[in-house]
Protein chains: 2
Amino acid sequence: MLDSVDSTALHPRADNGAITVQEWVYRQLKERILTGQFVPGRSVTLRGIATMLGVSPTPVREALRRLVSERALEVHGNRRVSVPKMTRRKFDDLCAVRVSLETLAAERAMPHVDADHLERLRRLDAEVDEAVDNGEINRYLHRHREFHFSIYELGSAEVLMPLIESVWLQFSPFLRLVVSHIGVDYIVDRHADALNALERQDHAALRFAIEADVREGLGSLTESEWRDLDAVTRQAGDAPAP
Amino acid sequence: MLDSVDSTALHPRADNGAITVQEWVYRQLKERILTGQFVPGRSVTLRGIATMLGVSPTPVREALRRLVSERALEVHGNRRVSVPKMTRRKFDDLCAVRVSLETLAAERAMPHVDADHLERLRRLDAEVDEAVDNGEINRYLHRHREFHFSIYELGSAEVLMPLIESVWLQFSPFLRLVVSHIGVDYIVDRHADALNALERQDHAALRFAIEADVREGLGSLTESEWRDLDAVTRQAGDAPAP
DNA sequence: GCTGCTAGTTTGTGATCACATTGACACCGG
DNA sequence: CCGGTGTCAATGTGATCACAAACTAGCAGC
């Protein structure tokens with residue numbers, strides 16, 4: 001259990017900042033999913049998580065159900081829950097929804113963006129590029145996510161953000177799988193275009209940049225790469241990503 | 001408790017079709033929310049639901065958390081959960097997301113629609129009109145929902161449907177409030193246009209019809225109507241809709 | 001050698017209990 | 001008459017327990 005990753009990951013509830021155990025477990029699992037530490041196909045057991053985090057099964061069950069609701073996990077007929085596997089069909093749907101939702105979110109964020117935000121976004125983008133250059137997968141995934149969400153959260157936090165988060169939760173384990181098996185080198189992004197559009201307040205250009213960023217990011221997986229990934233997920237019964 | 005509404009609402013788990021109590025509770029509450037039996041602002045207590053449905057608090061808590069995840073309910077700082085109140089801001093966001101998601105879903109459904117589906121949709125639309133003419137609010141809400149979802153479920157069930165459902169869960173209590181306080185007479189829909197576009201396989205016309213249906217449906221609430229609805233929800237501590 | 005059955009283990013589910021926190025309401029002092 | 005305070009009920013939370021279903025493994029029989 002050498003993968004105790006995050007800031008708030010002290011011991012079970014050492015922090016005690018008016019946060020419930022269930023909420024804590026939920027955030028732990030969500031973070032692990034978003035950073036791809038749960039590989040698609042991996043089955044998640046209730047007592048396993050409970051003992052891993054040092055809590056009772058009750059709050060774990062609630063956290064798992066929340067994640068199932070958000071489509072980050074799925075339940076099978078056996079009542080077992082696991083990280084959903086990716087299919088081409090689902091991948092296409094996710095891309096389409098990402099385009100639809102994230103262009104809308106970006107457009108809505110545009111009026112609220114100011115110089116400080118732009119500066120912050122540029123810094124994040126620079127860190128993304130840096131992570132790509134150095135081949136730092138974890139840092140790339142973190143910054144990439146931070147960049148996108150830093151835009152979207154400006155406009156409409158209440159309605160759009162949860163939906164986009166749900167899509168990312170479905171997307172991320174697969175993304176992690178791809179970048180760790182195919183490499184981070186082929187990653188292309190349109191962050192610079194998006195930032196310029198944001199600065200010029202150009203709605204159309206922003207939409208185009210976001211759409212291109214989503215579509216080109218992983219849209220061009222070849223047939224053989226799909227088969228390769230399929231083979232990887234097939235043997236995934238356990239064991240988190242390296 | 002004279003509002004035991006639905007088909008599957010026998011006694012607690014008299015059916016026993018390999019369905020968990022938690023799932024049953026979830027569906028019960030979801031149905032009640034979608035049909036507007038929980039008015040915005042109403043606070044929902046755990047033990048209250050538990051005794052109402054004749055089960056223990058445990059599965060109720062899980063069902064509530066699922067609904068919170070789907071934004072059908074919200075938790076306050078007090079840990080109390082309630083049906084969220086609608087704001088103009090949120091309403092606008094919901095409309096924009098509905099347009100974005102549902103036009104996409106309709107477009108994706110188009111290739112899969114055949115004569116049987118069209119016939120079924122026409123029948124549903126006729127029932128919607130009939131319900132409007134007779135002022136049958138409950139029937140209207142049911143058929144209206146059935147009409148839309150019958151289109152969307154054709155195309156992409158896996159990714160899009162849950163998102164659309166989440167939006168409808170946020171939308172429906174308010175919709176019920178509106179039609180029951182302002183009347184069902186002013187309701188306009190573009191179902192006929194959508195059906196024609198579907199038949200002609202006209203993507204652009206379909207998108208336009210869906211967008212118009214969403215935007216015109218409740219988009220034109222006047223200032224005084226908003227105030228009126230606000231006054232209604234303000235006094236909503238308890239008591240389901242009539 | 002392979003299939004089918006059976007015992008033991010694992011896992012999810014739900015009820016119950018104990019505890020902490022919140023909210024309500026009456027009471028008391030000003 | 002009003003505001004503060006103490007008490008009690010109500011509520012959410014989480015651990016534990018008992019039970020049922022599912023999976024595993026081992027053995028017998030064909």
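All figures in this text were calculated on a predicted structure; none of them were measured in a lab. Numbers restart at 1 for each chain; the letters A, B, ... are given by sequence-line order, proteins then strands.
Between B/I49 atom CD1 and D/dT11 atom P the separation is 11 Å, expressed in whole Å. At whole-Å resolution of the value, CG in A/L46 and C1' in D/dT16 are 14 Å apart.
Take A/Y26 and apply the ring pair (Phe, Tyr, Trp, His ring centres under 6.0 Å) test, not counting sequence neighbours, and it matches no residue. Checked against side-chain hydrogen bond (donor to acceptor under 3.5 Å, both in side chains), A/S150 has the following partners two or more places apart in sequence or in another chain: A/R120. Under the rule for a side-chain contact (heavy atoms from CB on, under 4.5 Å), the partners of B/R139 that lie at least two apart in sequence or sit in another chain are B/E127, B/E130, B/A131, B/E136, B/R143. The side-chain hydrogen bond (donor to acceptor under 3.5 Å, both in side chains) test applied to B/T103 returns B/R207, not counting sequence neighbours. For B/H112, the side-chain contact (heavy atoms from CB on, under 4.5 Å) test picks out B/L154, with sequence neighbours left out. Residues passing the side-chain contact (heavy atoms from CB on, under 4.5 Å) test with A/T45: none are found, sequence neighbours excluded. Remark: B/P84 engages B/E74, B/K90 in a side-chain contact (heavy atoms from CB on, under 4.5 Å) (not counting sequence neighbours). For B/R79, there are no side-chain hydrogen bond (donor to acceptor under 3.5 Å, both in side chains) partners two or more places apart in sequence or in a different chain. Checked against salt bridge (Lys or Arg N to Asp or Glu O under 4.0 Å), A/E62 has the following partners two or more places apart in sequence or in another chain: B/R61, B/R65.
Heavy-atom distances under 4.0 Å link DNA chain C to B/N78, B/R80 of residues 72-82 of chain B, given in residue order. A heavy atom closer than 4.0 Å to some atom of DNA chain C occurs in A/R61, A/R65, these being the qualifying members of residues 57-71 of chain A.
In this structure, B/T45 and A/S56 both approach DNA chain D, and ranking their closest nucleotides by distance from the 5' end singles out B/T45.
Relative ring orientation between B/W168 and B/H148 is described as tilted, the plane-to-plane angle lying within the 30° to 60° band.
The B/R47 side chain lies nearest to C/dA18 when the options are C/dA18, C/dT13, D/dA15.
Computed from C1' positions of five pairs at each end, the angle between the two local axes of the helix from C/dG1-D/dC30 to C/dG30-D/dC1 equals 0°, rounded to 10 degrees.
The shortest distance between side-chain heavy atoms of B/I137 and B/R176 falls below 4.5 Å.
At a threshold of 4.0 angstrom between heavy atoms, the contacts of A/V44 are confined to the sugar-phosphate backbone, with no base atom among them.
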